[in-house]
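A short worksheet on the structure shown next.
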Amino acid sequence: MKNGTTRRLFTKMSGASLGYILISRHAVRGGQVNPAIARAMEAVKAAIPRAEADLSRPVYHFRPPAQWNNDPNGTIFYRGWYHLFYQHNPFAAKWGHMHWGHARSRDLVNWEHLPIALWPSLEKGEEHVFSGGAIPGADGRPVLFYTSIGKRDPEQWLAVTTDDELFTWEKYPGNPVLSVKSHGARKVHEWRDPFLFQEAGRTFMVTGGNLDPRGGYAAVQLYEASNKDLTAWKYLGPVFRHPDKSAWNIECPNFFKLDGKWVMLISPHRSVEYFVGDFDLAKGRFTPQTHGVLDPGNSYASNVMFDSGGRCILLLWGRTETPVGMGWNNVMTLPRILTVAEDGHVRQNPIPALQSLRGAQASTANLSLNNNAVPLGSKVAGDSLEMAADFEITGARSVGLRVRCSEDRSRGTEIAYSPESGMVTVGGQKAFVGRDSKLSLGVFLDKRVMEIYANQGKGAIFTLVDASARDLGVEVFAREGAASVRSLKAWSMQPARFSLENYI
Ligand code: FRU
């Protein structure tokens with residue numbers, strides 16, 4: 001990943017030139033202007049026109065008003081709002097100056113950008129506010145935990161809010177709430193990314209890292225809160241060690257109960273992986289039974305939350321690799337509902353509320369293919385589309401769709417399924433979705449990014465689409481044999497709303 005080594009994390013970052021600053025009303029903390037937040041938000045606002053001028057920027061994947069984002073942080077459902085915080089560089093469209101951006105949504109589709117929530121307290125030696133999580137505090141309001149990075153060992157810090165809208169945040173004066181000393185004689189390297197969960201009326205935290213920087217000891221550590229204010233914590237030891245010795249480190253662990261099992265999501269500097277198994281609370285040990293890659297595409301660094309309907313909502317950082325100078329870089333994946341199926345593996349499906357963005361619909365049915373490709377014409381074309389296709393395979397070695405095809409059909413981005421291997425492939429990225437003579441495919445094309453869901457959530461891939469603005473065609477194909485498209489529906493997708501009303 002971008003910051004696979006500590007050395008890269010501390011690369012010198014360019015300072016932003018400040019100039020005249022309009023003070024946002026939300027940059028005020030307890031009657032005092034917080035200049036760090038005011039400066040950061042002005043820098044973001046200044047980049048908005050550039051970001052909006054880029055017509056290849058996704059329109060219905062979540063993204064900050066402008067500039068850089070990486071991991072989703074502290075996702076939490078509170079008082080009817082889905083809150084999303086995220087790693088954010090307000091000063092450039094590249095990694096650096098880590099703050100926590102903030103947005104909220106009623107439906108996980110349309111968003112309100114909110115004032116930047118957390119900033120590096122430079123006067124306290126803090127240079128970055130790294131990833132972390134949220135959990136209800138003693139008064140029921142969410143509190144945030146994150147890793148504080150400076151020219152010292154990492155520390156886990158607590159931030160609290162003073163309002164039910166969660167607009168303004170203050171750092172707990174007694175920080176850090178956890179330091180490397182908490183581990184006694186054990187040394188945890190690359191120690192970061194707290195994630196919180198409650199079980200049996202108790203509050204727990206897990207963190208990422210490794211127990212030997214030479215490799216082979218990627219591990220997740222477990223802690224329990226020892227007071228209601230969540231300011232005192234007890235170290236319980238490693239709850240999980242990666243069975244694969246080639247995984248040297250774990251970032252952004254998420255550990256939670258789902259459908260009667262326990263799920264561990266980890267970001268081991270390669271695609272996000274899941275482990276599903278049992279958790280012995282008394283021993284503080286997680287025993288995985290199944291394991292897989294969550295999304296083999298351009299995504300990383302998961303975060304989950306549960307809503308009032310009990311749905312487990314997953315977000316991942318969607319890496320767009322946007323060329324520098326565009327005023328924006330990266331998105332979040334579409335919010336996915338995560339479940340554990342009978343076979344012990346996870347399923348991921350896009351939230352149904354995305355249907356509210358559907359515009360004009362076009363459809364086709366019972367289209368026979370035999371070692372050919374059929375363009376779907378001008379009704380099924382565009383760079384912001386949802387498609388749902390059901391294939392029946394009667395001999396073909398592979399079937400699928402090509403999107404963003406050029407007029408002469410020489411260029412396009414292919415989504416292919418092989419019934420023999422059970423793999424869906426997009427670019428070089430492959431997800432196993434089962435060996436079958438049927439394939440059901442959900443495609444969300446959003447300018448330079450695309451998300452694929454196959455066979456009722458058995459596979460999900462976030463990927464990039466490199467196409468020229470005029471390449472808008474779609475075609476279906478079957479290779480080396482016959483197949484039919486039982487049904488294909490396509491909708492043009494409207495942009496999601498991103499309100500800046502509370503970002504001034
Ligand atoms: C994952 C990560 C985290 C860290 C954050 C810094 O992408 O490296 O481990 O907290 O990003 O931005």
Side-chain angles (χ1 to χ4, degrees), residues 1-13 40 64 67-75 84-102 116-120 126-134 144-159 176 178 180 188-196 205-210 213 218-221 242 247-255 264-273 294-295 297-304 314-321 329-333 462:
M1 281 299 115
K2 74 184 188 306
N3 48 7
T5 64
T6 314
R7 188 164 33 81
R8 282 200 61 192
L9 284 178
F10 291 97
T11 315
K12 264 234 170 324
M13 288 148 302
Q67 306 291 41
W68 167 275
N69 80 272
N70 51 293
D71 318 354
N73 293 151
T75 55
L84 164 62
F85 301 86
Y86 52 90
Q87 289 286 281
H88 187 31
N89 181 0
F91 299 109
K94 60 180 186 188
W95 190 88
H97 304 283
M98 284 295 115
H99 290 59
W100 276 32
H102 185 196
I116 287 176
L118 298 177
W119 68 102
E126 184 177 56
E127 294 174 359
H128 300 284
V129 174
F130 267 23
S131 285
L144 305 177
F145 288 88
Y146 68 89
T147 303
S148 171
I149 296 288
K151 289 192 181 56
R152 48 162 167 72
D153 285 324
E155 297 174 344
Q156 313 311 331
W157 284 28
L158 166 65
L178 275 158
V180 286
V188 181
H189 308 267
E190 308 289 335
W191 183 48
R192 56 178 176 264
D193 306 341
F195 176 88
L196 290 297
M205 177 193 291
V206 287
T207 57
N210 68 80
V220 175
Q221 310 300 319
H242 204 304
W248 73 277
N249 187 52
I250 288 174
E251 299 185 302
C252 301
N254 305 152
F255 189 48
M264 178 77 79
L265 304 181
I266 56 160
S267 293
H269 302 269
R270 58 193 191 204
S271 297
V272 176
E273 294 170 27
L294 196 66
D295 176 338
N298 253 51
S299 63
Y300 195 64
S302 58
N303 210 272
V304 300
L314 165 76
L315 284 159
L316 301 163
W317 165 29
R319 296 187 300 119
T320 57
E321 298 170 17
N329 207 340
N330 300 318
V331 297
M332 294 300 163
T333 60
F462 173 91

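Counting starts at 1 for both ligands and their atoms, in listed order.
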| field | Q221 side chain vs W191 backbone, donor-acceptor pair below 3.5 Å | value | no
| request: Specify whether W100 and F85 have parallel, tilted or perpendicular ring planes, treating 30° as the upper limit for parallel and 60° as the lower limit for perpendicular. | output: tilted
| query | Yes or no on side chain to side chain donor-acceptor pair (under 3.5 Å) for H269 and N249, after CA distance, side-chain angles and deciding distance? | reply | CA-CA 7 Å; H269 302 269; N249 187 52; 2.9 Å; yes
| S131 neighbourhood, listing ligand 1 atoms whose heavy-atom distance to it stays under 4.0 Å | 5 (C), 10 (O)
| message | When you measure from the side chain of T147 to the backbone of R192, do you find a donor-acceptor pair of N or O atoms at a distance under 3.5 Å? | response | no
| Those atoms of ligand 1 less than 4.0 Å from some heavy atom in Y300 | 1 (C), 7 (O)
| Can you check whether R319 reaches N70 side chain to side chain, under 4.5 Å on heavy atoms? | no
| request: Please could you name the atoms of ligand 1 that M98 approaches to less than 4.0 Å, counting only its heavy atoms? | output: 12 (O)
| message | Any nitrogen or oxygen of D193 lying under 3.5 Å from a nitrogen or oxygen in ligand 1? Just yes or no. | response | yes
| query | At a 4.0 Å cut-off, with the gap strictly under it, does some heavy atom of T147 reach an atom of ligand 1? | reply | no
| remark: In ligand 1, the atoms that come under 4.0 Å of a heavy atom of W317 are 7 (O)
| field | Proximal atoms of ligand 1 relative to Q87 (non-hydrogen, under 4.0 Å) | value | 5 (C), 6 (C), 12 (O)
| Counting distance only, does the side-chain N/O of S299 pair as donor-acceptor with the main-chain N or O of F462 below 3.5 Å? | no
| Does ligand 1 have an atom under 4.0 Å from some heavy atom of W95? | yes
